[in-house]
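Structure, as structure tokens:
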Amino acid sequence: MAEMRTLHVFRGDQSGGEEVAYEVPVESGMVVLDAVHQIQATQAPDLAVRWNCKAARCGSCSAEVNGHPRLMCKTRLDAIEGEIHVRPMKAFPVIRDLVTDVSWNYEKAKQIEPFAPKEPAPFTMYQRDVERSQQFRKCIECFLCQDVCHVLREHSAKEQYFGPRFMIKIAELEMHPMDGADRVPFTSHQAGVGMCNITKCCQEVCPEHIHLTDDAIIPLKERVADREWDPIRALFRKPAVR
Amino acid sequence: MTDGMIERLRYDVVILGAGGAGLRAAIEAARPGVKVAVLSKSLLGKAHTVMAEGGMAVSFGNLDPQDCWQTHFYDTMRGGKFLNHYRMAEIFAKEAPDRVVELEQWGAVFDRTPEGRISQRAFGAHSFRRLAHVGDRTGLELIRTLQYKGIHSGMDIYQEVTATHLFQDGAGRPTGVFAYHRQSGTFCVFEAKAVVIATGGWGRMYKVTSNSWESTGEGAALAMRAGAEMKDMEMVQFHPTGMVWPPGARGLLVTEGVRGEGGILLNSEGERFMLRYDPEKKDLSSRDVVARSIYKEVQAGRGSPHGGAFLDITHRGADFIKRKLPNMYDQYLSLADIDITKQPFEVAPTIHYTMGGISVDPETGATSLEGLFAAGESACGLHGANRLGGNSLTDLLVFGRRVGIGACDYAASRQEWTAPSASQVAEAEAAALAPLDRAEGENPYQLHKDLQELMGEHAAIARNRELAEAGLAKLEALKLRSKRLASPGSRMYNPGWHAVFEVEAMVLLAEAILQGALWREESRGAHWRLDFPDADDQGFGQANSICRLDGDEVKLSTRPVPQMPAELAALFSSGQLPVRQGTDQGGHS
């Protein structure tokens, strides 16, 4: 007989719900998403879960495993000791079971000014100059950084801060060698970079190992500070309407 | 009827699928005054396109200045064993450079050459270093670029919406689709003048596959049920290198980039066996050849412990590997506890791509059904009997754009709207709801598994007449079972309900694959018949298979492969590789 493990999976919707225990036969190297699929196929065909690639490329299967924001396809059962609890991301409203409503992210994405090339492609750009932008473009939009961000998770300040995902989106564009737009005022005001208090939780959970805080958010804060708080510049500035 | 409750929306062009082809089509179709809707069964940016790793083939010649469209065309036709539609390959090779530059214009950030140009890497059966790439995540780069271009291009994108039925007028022309919102389970009718199928392939009808959840062929099945012609369905590509272990990761793609960057294949005796099978192109031979070679090594008892071959790239050093193949390094370390910078790792063939699909017009992507269009993996014609690595991403761009123009022009030519009738809508609604209402019925997950086993046994890498015939016989039982699939639970985000539509589609497409596999009595590209081991260039090699749905039966017929005009045919008759002449600029590697 195969070894069995118990998964406690959240079942429910907006109106509430509870964890349900499922017994799953374990194969070597099995990940949490495999176990969830096993449950779907044999015990609960309507268990709601998002997934696409099962290879950590698409960022669909974000959830919280024993309280930690994780991609289920990259979380091995043999790395978890004791009970396994799988719950939906907390920072977003649950739709059903492990599926949350992440549409807020797509609304924010639309508000950021798109890439504005200074000249027509093909560009001459050197590897060292594109590396920062490329790092942020590794983002798979799993929104785990948004899930773990205190500003969004504990304080629900979604009206004031776009969250780490969109800080690196802005940084990616701002640091593109051929981009000609200026998103610094937007970053400060609408996107609310000042709300981040640099706990670096986002870069700890990033499955792509992107240095969100160090390489994007802090440099963006510096650009905002340079522009808005430089005392010499302030002398020449007209009073701005915020 | 309940039609009054169902929302109706009206668009000039409705595009099914938000992968590379669908998004590129939408960007092109969304001209001022043209209403375009994109329906995506997943969230935006999650389509199977993200899984493409190695790059997009384009004859810039940034590293090898001899490269030109003629060479790319030549390689593509040769790789496809001349079953390709020459005109598609010609358009493709000629337009690829503009499409990739356009992607850079829209914000894609490719890896660079020391001179600051787009870098290009070697890949299987490409004569020159040709693949524009970003590490081993080129598909992500493509879809993210199109996604962010798309959201600012004035189209409406419907996320987690699945189409279950294509409405047609009396002449068979599409008038719209019936769809449901997966999150709420509510229905919606999208009325349209033109419909584009860009829903990808159907690799998930096989168990060992590199394909993501998407690739279940619903879009192609919609087209087929509506009467569109399917072409060369027997052509299903095995990628030679998928993961073998652990079981949950079996089939996951190991990019051809590993071999492109110098990796070599070894058997259990440590022999570099590709030197024997293809002394010229070696480990970078075309995918059909490498996949078959691994299969033969395993059959001869020289396989790796889990039934594959070893891939070794340790000689390139840890720094190089982590920089050029970061995802591969991470994938093996996290899933299999293997450090690919220190040891060889096991790989085996995995179902990767469906060359066959909806037959389309090369210029516009029009299918055999007026008003219905198709592009990308769901369409057929460019790749022939075997797709070259790197050609699919460029395919999405070139023919995504063309189908966008084709559908938009067609919609403009249609003056009047024909709305689906109330009874048509009621019928589609009843069909969609049936699995929820069936108290006792087949479990779609189980039927999917049974289909995967059938296809793995009867339409896999090595085929013969008996296998195909027995497969078709077994499929009859599955077809019956697929008519009474049941999915308990509510309408809200119910994956079991969605699985019903996927399985119905795959059972239909499987029949076409098996019929094609039975009919083609030769070995060509991905199609390897043990009972007909040689290519039959004068016979079967001159014909494309065509499958159509006739009532409940899939009917196979044939059509001659289109013949190249003299100037293109001349590229193959000289016995020499066509290259760009008289260029000595650039090209330092």
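What you see is a predicted model, and the numbers here were worked out from it, not measured in a lab. Only heavy atoms go into these numbers, but all of them, side chains included; no hydrogens, no water, no symmetry mates. Residue numbers start from 1 in every chain, and the chains themselves are labelled A, B, ... in the order their sequence lines are given, proteins ahead of strands.
Results of the side chain to side chain contact (heavy atoms under 4.5 Å, CB included) test with V109(B) over R132(A), Q134(A), E131(A) single out Q134(A) as the only residue that passes. Partner of Y106(A) under the side chain to side chain contact (heavy atoms under 4.5 Å, CB included) criterion, out of I151(B), I157(B), L43(B): L43(B) alone.
The two residues E115(B) and T124(A) have their closest heavy-atom pair at O-CG2, 3.7 Å. Between A48(A) and P495(B), the shortest heavy-atom distance links the atoms CA-CG, 3.8 Å. A pairwise comparison of heavy atoms in C142(A) and K46(B) identifies N-NZ, 4.2 Å as the closest pair. In this structure, D13(A) and M492(B) approach most closely via the heavy-atom pair CB-CE, 4.4 Å. Contact detail for Y148(B) and F166(A): the closest heavy-atom pair is OH-CE2, 3.7 Å.
When heavy atoms are compared at a cutoff of 4.5 Å, A499(B) does not approach chain A at all. Residue contact with chain A, scored on non-hydrogen atoms closer than 4.5 Å, is absent for R491(B). Both the backbone and the side chain of I140(A) come within contact range of chain B, each with at least one heavy atom under 4.5 Å from a heavy atom of that chain. Both the backbone and the side chain of R50(A) come within contact range of chain B, each with at least one heavy atom under 4.5 Å from a heavy atom of that chain. Proximity to chain A is limited to the side chain of W245(B), based on heavy atoms less than 4.5 angstrom apart. Heavy atoms closer than 4.5 Å to chain A are found in the backbone of F110(B), but not in its side chain. Contacts of A56(A) with chain B are absent, with no heavy-atom separation under 4.5 Å from either backbone or side chain. Heavy-atom distances place the backbone of V49(A), and not its side chain, under 4.5 Å from chain B.
Chain B forms the most heavy-atom pairs under 4.5 Å with one residue out of A55(A), A79(A), P114(A), and that residue is P114(A). In terms of non-hydrogen atom pairs under 4.5 Å with chain A, the most contact-rich of T49(B), V100(B), V101(B) is V101(B). If you tally non-hydrogen atom pairs under 4.5 Å between each of Q127(A), M125(A), H37(A), K74(A) and chain B, the highest count goes to M125(A). Counting heavy-atom pairs under 4.5 Å between each of S210(B), S334(B), G489(B) and chain A puts S334(B) at the top. Each of S42(B), P444(B), G496(B), G116(B) has some count of heavy-atom pairs under 4.5 Å with chain A, and the biggest count is that of G116(B). Chain B forms more heavy-atom pairs under 4.5 Å with one residue of S133(A), P122(A), A44(A) than with any other, namely P122(A). If you tally non-hydrogen atom pairs under 4.5 Å between each of V50(B), L103(B), I118(B) and chain A, the highest count goes to V50(B). Among the candidates L253(B), L252(B), N443(B), the residue making the largest number of heavy-atom pairs closer than 4.5 Å to chain A is L252(B). The candidate from E160(B), Q446(B), H448(B) with the greatest count of non-hydrogen atom pairs under 4.5 Å with chain A is E160(B).
Within residues 132-143 of chain B, the residues having any heavy atom under 4.5 Å from a heavy atom of chain A are, by residue number, V134(B), R137(B), L140(B), E141(B). Within residues 167-183 of chain A, the residues that have a heavy atom under 4.5 Å from a heavy atom of chain B are K169(A), H176(A), listed by number. Scanning residues 92-100 of chain A against chain B with a 4.5 Å non-hydrogen threshold yields I95(A), R96(A), V99(A), sorted by number. Residues from residues 18-30 of chain A that place a non-hydrogen atom less than 4.5 Å from a non-hydrogen atom of chain B comprise E27(A), S28(A), G29(A), given in numerical order.
Within a 6.0 Å sphere centred on NZ of K158(A), other residues, nucleotides and ligands contribute more than 12 heavy atoms. Other residues, nucleotides and ligands contribute over 12 non-hydrogen atoms within 6.0 Å of the CG atom of D437(B).
No side-chain donor-acceptor contact under 3.5 Å links Y445(B) to the backbone of Q40(A). No donor-acceptor pair under 3.5 Å is formed between the side chain of E104(B) and the backbone N or O of A121(A).
Atoms OG and CG, on S487(B) and D46(A) in that order, are 9.0 Å from each other to the nearest 0.5 Å.
S212(B) and N52(A) are not linked by any side-chain donor-acceptor pair at a separation below 3.5 angstrom, with hydrogens and angles left out of the test.
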Could you go step by step and tell me if F123(A) and R117(B) meet the side chain to side chain contact (heavy atoms under 4.5 Å, CB included) rule? CA-CA 7 Å; F123(A) 305 137; R117(B) 306 161 84 176; over 6 Å; no
Does the side chain to side chain contact (heavy atoms under 4.5 Å, CB included) test come out yes or no for D337(B) and R76(A), once each step is laid out? CA-CA 11 Å; D337(B) 299 322; R76(A) 279 172 53 169; 2.9 Å; yes
Stepwise side chain to side chain contact (heavy atoms under 4.5 Å, CB included) check, E141(A) with R144(B): CA-CA 10 Å; E141(A) 298 198 329; R144(B) 214 49 101 227; 3.6 Å; yes
Full working for side-chain hydrogen bond (donor to acceptor under 3.5 Å, both in side chains) between R137(A) and T145(B): CA-CA 10 Å; R137(A) 292 182 69 86; T145(B) 304; 2.8 Å; yes
Check against side chain to side chain contact (heavy atoms under 4.5 Å, CB included), E53(B) and R57(A): CA-CA 10 Å; E53(B) 294 169 352; R57(A) 298 278 196 285; 2.4 Å; yes
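Contact annotation: the side chain of H48(B) never approaches that of C53(A) to less than 4.5 Å [non-hydrogen atoms, C-beta and beyond]. For the pair K138(A) and N327(B), the minimum side-chain heavy-atom distance is 4.5 Å or more.
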